[in-house]
Amino acid sequence: MTTKRAELLVHQLDIAWALFEYHLDGLDDEAALWEPARHTWNVRQGADGRWVADWADSEPDPVPAMSAGWLMWHMGYWWTTTLGHCFGDGAPEREEIVWPGSATAAAEWLRGLKDAWREGLLGLSDAEFDSADRVAKLPWGQGQTMASVAGWLNVELTKNVAELGYVRILRGAG
């Protein structure tokens with residue numbers, strides 16, 4: 001039996017996801033890699049063919065603008081990491097989580113992560129939502145319960161989707 005908390009969290013997830021799908025409409029590779037400012041974080045193809053995200057271990061000053069491709073990678077990074085720790089045996093290092101190489105492939109990657117997360121949440125009991133066991137090794141899970149991390153993920157998804165939408169608006173206005 002699905003818990004009321006799982007239903008609420010999945011309902012929030014579905015609302016944020018509907019906005020994401022709206023912003024994906026017409027997102028091609030050129031739009032995904034478009035840089036809205038001189039100082040922009042993006043995903044870049046390395047000599048080995050892998051698409052790596054720009055990154056800094058501490059918050060840069062000024063904070064860079066972000067491309068749609070970078071935002072999609074970022075979503076994939078935190079979702080892969082969260083899924084791996086909450087429903088798996090751990091997660092790959094950040095450097096191993098790469099952009100799939102196209103806007104279409106990135107959208108499919110993210111859809112798969114969303115579906116796995118949704119399924120995982122719907123299978124949790126109230127006791128599992130109240131527990132910190134699943135999130136104990138998650139880099140951003142210390143002192144949190146599974147319910148808190150699931151709520152955070154919905155907020156982070158909503159924020160990243162809004163940022164993606166704004167990049168699309170800026171490109172359209174330019």
Side-chain angles (χ1 to χ4, degrees), residues 9 12-13 15-17 19-86 90-107 109-111 113-114 117 132 134-174:
L9 289 163
Q12 291 173 335
L13 174 70
I15 291 169
W17 194 260
L19 184 58
F20 179 65
E21 290 290 348
Y22 172 79
H23 289 313
L24 282 181
D25 187 35
L27 182 68
D28 59 16
D29 296 347
E30 182 180 329
L33 298 174
W34 176 75
E35 297 189 357
R38 281 180 286 134
H39 184 48
T40 296
W41 275 359
N42 209 338
V43 288
R44 303 175 197 286
Q45 193 170 26
D48 62 358
R50 294 171 4 127
W51 286 84
V52 225
D54 294 332
W55 186 261
D57 288 326
S58 59
E59 189 80 14
D61 184 19
V63 174
M66 293 151 277
S67 71
W70 189 92
L71 287 162
M72 293 171 83
W73 167 82
H74 181 65
M75 292 165 67
Y77 160 67
W78 55 250
W79 227 336
T80 297
T81 303
T82 304
L83 267 167
H85 286 291
C86 294
E93 295 297 319
R94 177 188 46 81
E95 298 83 6
E96 296 302 314
I97 301 171
V98 297
W99 194 64
S102 74
T104 300
W109 174 44
L110 294 171
R111 286 183 185 111
L113 293 171
K114 183 264 302 176
W117 180 251
R134 288 180 179 272
V135 301
K137 294 184 180 176
L138 183 63
W140 42 85
Q142 291 77 27
Q144 304 293 315
T145 64
M146 182 64 198
S148 295
V149 168
W152 163 82
L153 190 139
N154 284 342
V155 170
E156 184 70 13
L157 174 64
T158 303
K159 177 187 80 75
N160 288 155
V161 167
E163 291 167 333
L164 180 83
Y166 196 67
V167 170
R168 300 286 317 269
I169 289 168
L170 287 174
R171 185 165 190 269

Taking all atoms of both residues into account, what is the closest heavy-atom pair of [X] and [Y], and its distance?
X: Ala106; Y: Met72; result: CB-CE, 3.5 Å
X: Leu138; Y: Cys86; result: CD2-SG, 4.4 Å
X: Thr158; Y: Ala16; result: OG1-CB, 3.4 Å
X: Trp34; Y: Val167; result: CZ3-O, 3.6 Å
X: Thr81; Y: Pro139; result: CG2-CD, 4.0 Å

Taking the side chain as C-beta and beyond, is there a heavy-atom pair between [X] and [Y] under 4.5 Å?
X: Met75; Y: Glu163; result: no
X: Tyr166; Y: Pro36; result: no
X: Val43; Y: Leu33; result: yes

Would you say the side-chain atoms of [X] pair up with the backbone N or O of [Y], donor to acceptor, closer than 3.5 Å?
X: Asn160; Y: Leu71; value: no
X: Arg168; Y: His23; value: yes
X: Trp70; Y: Asp54; value: yes
X: Asn154; Y: Leu9; value: yes

Examine Trp73 together with Trp99 and report whether their ring centres are nearer than 6.0 Å.
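Not close enough - the centres of the two rings lie 6.0 Å or further apart.
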
Validation row, ring centre Trp78 to ring centre Trp152 under 6.0 Å
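Ring centroids of Trp78 and Trp152 are less than 6.0 Å from each other.
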
Might you work through the side chain to side chain contact (heavy atoms under 4.5 Å, CB included) test for Trp79 and Glu156, ending with a clear yes or no?
CA-CA 10 Å; Trp79 227 336; Glu156 184 70 13; over 6 Å; no

Check this for me: does any side-chain nitrogen of one of Glu30 and Arg171 sit under 4.0 Å from a carboxylate oxygen of the other?
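Yes, charged N to carboxylate O under 4.0 Å.
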
For Lys137, is the NZ atom crowded, meaning more than 12 foreign heavy atoms sit under 6.0 Å from it?
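It does not: Lys137 NZ has 12 such atoms or fewer within range.
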
Can you list the steps and then say if Trp17 with Leu110 is a side chain to side chain contact (heavy atoms under 4.5 Å, CB included)?
CA-CA 10 Å; Trp17 194 260; Leu110 294 171; 3.9 Å; yes

Thr82 vs Trp140, test: side chain to side chain contact (heavy atoms under 4.5 Å, CB included). Steps then yes/no.
CA-CA 9 Å; Thr82 304; Trp140 42 85; 3.3 Å; yes

